[in-house]
Amino acid sequence: FFFKQKTAYEIPKRDWSSDVCSSDLLNARFASSYGGRGALMGKLFLAVIAVLGTATPVSVADRPNIIFIMSDDHAAHAISAYGSQVNQTPNLDRLAHEGMLMRNLFVTNSICTPARAVILTGQYSHVNGVPVFNRFDSSRMTVARLLQQNGYHTGMIGKWHLGSDPQGFDQWEILPGQGAYFDPVLYTATSEKQYTGRYVTDVLTDLAIDFLKGRPKNKPFFLMLHEKAPHRAWEPDDIHKQQFADKWIPEPETFWDSYATRTDAIHENQQRVADDMTRRDLKLAPPPGLRGADLTAWLGVKPMTVSTQRGGQTIALTGDALARWKYQRYMQDYLAVVQSVDDNVGRLLNYLDQEKLSKNTIVIYTSDQGFYLGDHGLFDKRFMYEESLRTPFMVRWPAKIKPGSQATAMTLNVDIPETFLDVAGVKAPAGMQGRSFLPILEGRTPPDWRTSMYYRYYHDPGDHNTRQHYGVRTATHKIGRAHV
């Protein structure tokens with residue numbers, strides 16, 4: 001599964017220093033044709049050839065800008081362009097309507113830190129050294145480094161979550177670890193700042209726009225804008241919280257999945273909406289005066305009874321009624337946090353339009369992986385079910401992509417960095433294991449494109465008691481096996 005296809009985009013440039021174009025041979029040829037001026041003309045010709053031989057295939061003026069917006073745990077089925085039954089995302093939908101919606105982009109390891117390492121390196125987790133929540137070796141070659149070395153002004157804003165400081169970026173400002181939704185702290189190579197009274201998604205968008213305003217105008221830019229939202233514990237600001245406070249969210253068809261046909265791994269798993277959501281997840285109010293470790297312990301309890309007010313009466317919820325109530329609380333907060341992302345993507349798109357940057361700027365929206373929205377009775381990700389495996393991927397590039405187009409070819413997150421390099425005219429290093437899907441963006445799927453993919457999850461023991469497992473997905477079937 002790790003065989004790397006040779007493509008037309010990897011044909012090496014001609015070696016202009018070879019014997020065919022040696023300086024002695026050229027000088028002799030020019031001398032024989034132009035006499036005494038020949039040697040000088042030969043040297044000038046060689047100088048021009050030297051410049052051409054080292055240039056990238058695409059001129060700096062023509063190379064597109066790239067904005068890569070990646071949220072955290074945003075399920076494709078919580079985007080209306082993907083047919084969401086639970087919310088509307090008009091600003092994200094703009095990217096699909098004005099560009100391409102990719103229906104089958106899958107992740108190779110559905111968990112935050114490993115997914116980020118895959119996108120930076122173009123390598124599977126067992127090769128890039130980040131199969132679980134371990135530190136990323138910042139000395140590794142990354143897509144950001146390669147673009148920076150080839151003339152791009154590079155920036156990283158938001159959730160990094162790789163343990164080491166970013167490298168290959170001219171400017172970066174990142175959240176420590178998971179970061180906070182309210183009053184977030186961000187740090188750079190030399191300082192840190194707390195944005196008191198601010199909401200994280202608004203802050204990150206402000207910083208992204210500041211990056212665009214301050215960029216050198218004679219270079220193309222590459223910006224990675226990594227949102228914290230909608231990661232657990234799904235803490236919306238007041239404006240968006242109110243939008244969903246009284247909404248009833250339909251349950252997915254598989255919410256009451258009994259796992260009757262599945263093995264022990266899913267039965268032992270601990271990420272069920274009914275059984276594993278904590279008081280913190282559900283935003284239950286703690287007793288007055290609780291502080292410190294006692295408060296943390298209280299918030300970490302998974303309640304099996306919850307008292308709520310209905311019709312002026314206090315009702316104790318248990319069993320199926322409690323499971324349904326938990327689902328509503330979960331989804332109301334999750335969707336409210338998503339709505340903040342949608343609004344801020346709209347702000348960024350409007351800025352690009354205002355500054356006349358849209359035409360030659362590729363804007364991508366994706367997530368580090370998918371997420372369960374009560375599907376199979378679950379929240380979180382990890383298992384190789386479709387809702388976790390598939391991630392949204394929408395691309396707008398007015399100069400190249402036909403508006404309203406869709407792609408169904410099987411693409412992977414390991415392909416993303418090679419695609420960036422391809423559109424920038426930069427040769428991908430041999431160590432990358434994906435394949436550029438630029439042809440697909442242009443509306444032509446190569447006849448030898450992949451029809452199957454490999455998945456591997458390593459974090460065991462870990463959160464939610466999800467066992468290590470691996471599997472293969474084709475266009476029609478999927479097989480997976482858990483470690484025992």
Subject >> Ionic contact status for Arg435 with Asp448, cut-off 4.0 Å >> reply: yes
Original post:
Quick one: does Trp234's side chain get under 4.5 Å of Leu335's, heavy atoms only?
Top reply: no
Original post:
Asn150 and Arg63: which non-hydrogen atoms are nearest, and at how many Å?
Top reply: O-NH1, 2.6 Å
Original post:
Taking atom types as modelled, is there a side-chain donor on Asn104 or Arg390 under 3.5 Å from an acceptor on the other?
Top reply: yes
**OP:** Please say whether more than 12 non-hydrogen atoms of neighbouring residues, nucleotides or ligands are located less than 6.0 Å from CD in Gln194.
**Re:** yes
**OP:** Report the C-alpha distance between Tyr454 and Tyr470 in whole Å, list the side-chain angles of each, state the deciding distance to 0.1 Å, and finish with yes or no for side-chain contact (heavy atoms from CB on, under 4.5 Å).
**Re:** CA-CA 8 Å; Tyr454 172 76; Tyr470 57 93; 4.1 Å; yes
**OP:** Output yes when a side-chain donor or acceptor of Lys228 lies under 3.5 Å from a complementary backbone atom of Tyr181, and no otherwise.
**Re:** no
Subject >> Under 3.5 Å side-chain donor-acceptor pair for Asp415 and Thr411 >> reply: no
**OP:** Grab the two heavy atoms, one from Pro252 and one from Leu373, that are nearest each other, plus how far apart they are.
**Re:** CG-O, 3.5 Å
Original post:
For atom CD of Gln354, is the number of surrounding heavy atoms from other residues, nucleotides or ligands below 6.0 Å larger than 12?
Top reply: yes
Original post:
Yes or no on ring-ring contact (aromatic ring centres under 6.0 Å, His included) for Tyr152 and Phe221, after CA distance, side-chain angles and deciding distance?
Top reply: CA-CA 5 Å; Tyr152 271 75; Phe221 61 80; 8.4 Å; no
**OP:** Can you spot which of Ile119, Leu223, Leu225 makes a side chain to side chain contact (heavy atoms under 4.5 Å, CB included) with Phe68?
**Re:** Ile119
Original post:
Just by modelled atom types, is the Glu418 backbone N or O under 3.5 Å from a matching donor or acceptor in the Asp422 side chain?
Top reply: no
Original post:
Do you know which two heavy atoms are closest between Val107 and Asp368, and how far apart they sit?
Top reply: CG1-O, 3.5 Å
Original post:
Are Ser110 and Ser388 linked by a side-chain donor-acceptor pair shorter than 3.5 Å?
Top reply: yes
Original post:
How many angstroms lie between NZ in Lys193 and OG1 in Thr188, if you round to the nearest 0.5 Å?
Top reply: 11.0 Å
**OP:** Examine distances only and state if a side-chain atom of Arg116 and a backbone atom of His161 form a donor-acceptor pair shorter than 3.5 Å.
**Re:** no
**OP:** Test Phe371 against every option in Tyr385, Tyr334, Phe383, Phe379 by the ring pair (Phe, Tyr, Trp, His ring centres under 6.0 Å) rule and name the one that passes.
**Re:** Tyr334
Subject >> Arg382 vs Ile111, side-chain contact (heavy atoms from CB on, under 4.5 Å): CA-CA, chis, key distance, verdict >> reply: CA-CA 6 Å; Arg382 303 166 199 269; Ile111 194 166; 3.2 Å; yes
Original post:
Is the Tyr327 ring parallel, tilted or perpendicular to the Tyr330 ring (thresholds 30°, 60°)?
Top reply: perpendicular
Original post:
In terms of side-chain heavy atoms, does Asp343 have a donor or acceptor partner in Ser340 at a distance below 3.5 Å?
Top reply: no
**OP:** Quick one: pull up CZ in Phe393 and CE in Met102 and give me the separation to the nearest 0.5 Å.
**Re:** 6.5 Å
Original post:
Is the Lys NZ or Arg CZ of Lys381 less than 6.0 Å from the centre of Tyr372's six-membered ring, within 45° of the axis?
Top reply: no
**OP:** Give the minimum heavy-atom separation between His464 and Asn269, together with the two atoms involved.
**Re:** O-ND2, 3.0 Å
**OP:** Please test Met141 against Leu146 for side-chain contact (heavy atoms from CB on, under 4.5 Å), starting from the C-alpha separation and ending with a verdict.
**Re:** CA-CA 7 Å; Met141 183 55 71; Leu146 288 164; 3.6 Å; yes
Subject >> CA sep, side-chain torsions, deciding dist, call: Ser84, Asn87, side chain to side chain donor-acceptor pair (under 3.5 Å) >> reply: CA-CA 6 Å; Ser84 171; Asn87 67 331; 2.5 Å; yes
Original post:
Is any side-chain N of the basic residue among Asp281 and Arg232 closer than 4.0 Å to the acidic one's carboxylate O?
Top reply: yes
Original post:
Hey, does Lys217 have a side-chain heavy atom less than 4.5 Å from the side chain of Arg215?
Top reply: yes
Subject >> Over 12 non-hydrogen atoms of neighbours within 6.0 angstrom of CZ in Arg198 >> reply: yes
Subject >> Modelled atom types, side-chain donor and acceptor of Thr466 and Gln271, under 3.5 Å >> reply: yes
**OP:** Assess the side chains of His74 and Tyr365: does a donor N or O sit below 3.5 Å from an acceptor N or O?
**Re:** yes
Subject >> Heavy-atom pair with the smallest gap, counting every atom of Ala144 and Thr154 >> reply: O-CG2, 3.9 Å
Original post:
Side chain of Asp72, backbone of Pro230: donor and acceptor closer than 3.5 Å?
Top reply: no
Original post:
Has the side chain of Arg145 got a donor or acceptor atom that lies under 3.5 Å from a matching backbone atom of Arg140?
Top reply: yes
Subject >> Residue pair Met331, Val86: steps toward the side-chain contact (heavy atoms from CB on, under 4.5 Å) verdict >> reply: CA-CA 9 Å; Met331 289 299 293; Val86 295; 4.3 Å; yes
**OP:** Examine the side chains of Asp73 and Gln369 and answer whether a donor and an acceptor come within less than 3.5 Å of each other.
**Re:** yes
Original post:
With distance as the sole test, does Asn109 use its side chain to make a donor-acceptor pair with the main-chain N or O of Ala115 at under 3.5 Å?
Top reply: no
Original post:
Is the backbone N or O of Thr89 less than 3.5 Å from a side-chain atom of Ser80, with the two atoms forming a donor-acceptor pair by type?
Top reply: yes
Original post:
Once you round to the nearest 0.5 Å, how far does CG of Leu95 lie from NE2 of His97?
Top reply: 10.0 Å
Original post:
Is atom NZ of Lys241 surrounded by more than 12 heavy atoms (other residues, nucleotides or ligands) closer than 6.0 Å?
Top reply: no
Original post:
When rounded to the nearest 0.5 angstrom, what distance separates OH in Tyr351 from OG1 in Thr205?
Top reply: 13.5 Å
**OP:** Heavy atoms only: give me the nearest Leu438-Ser436 pair and the separation to one decimal.
**Re:** N-OG, 3.1 Å
Subject >> Side-chain ion pair, Asp137 and Arg135, N-O less than 4.0 Å >> reply: no
**OP:** Test Arg347 against every option in Asp202, Asn91, Asp206, Thr201 by the side chain to side chain donor-acceptor pair (under 3.5 Å) rule and name the one that passes.
**Re:** Asp206
**OP:** Find the distance between CE (Met224) and NZ (Lys159) and round it off to the nearest 0.5 Å.
**Re:** 14.0 Å
Subject >> Gln88 backbone acceptor or donor facing Gln339 side chain under 3.5 Å >> reply: yes
Subject >> Cation-pi geometry met for Arg456 and Tyr458 (6.0 Å, 45°) >> reply: yes
**OP:** Indicate whether any N or O donor in one side chain lies under 3.5 Å from an N or O acceptor in the other, for Thr474 and Ser452.
**Re:** no
Original post:
Quick check: does any side chain N or O of Asn65 sit under 3.5 Å from a backbone N or O of Thr361, one acting as donor and the other as acceptor?
Top reply: no
Subject >> Ionic contact status for Glu98 with Lys402, cut-off 4.0 Å >> reply: no
Original post:
Between the side chains of Asp375 and His77, is a donor N or O closer than 3.5 angstrom to an acceptor N or O?
Top reply: yes
**OP:** Answer yes or no: are there more than 12 heavy-atom neighbours, outside Arg103 itself, under 6.0 Å from its atom CZ?
**Re:** yes
Original post:
If you measure from the Lys or Arg side-chain nitrogens to the Asp or Glu carboxylate oxygens, is any gap between Lys283 and Asp333 under 4.0 Å?
Top reply: yes
Original post:
Step by step, would you call Thr142 with Thr121 a side chain to side chain donor-acceptor pair (under 3.5 Å)?
Top reply: CA-CA 5 Å; Thr142 65; Thr121 63; over 6 Å; no
Original post:
At what distance, to the nearest 0.5 angstrom, does CZ of Arg467 lie from OH of Tyr457?
Top reply: 13.0 Å
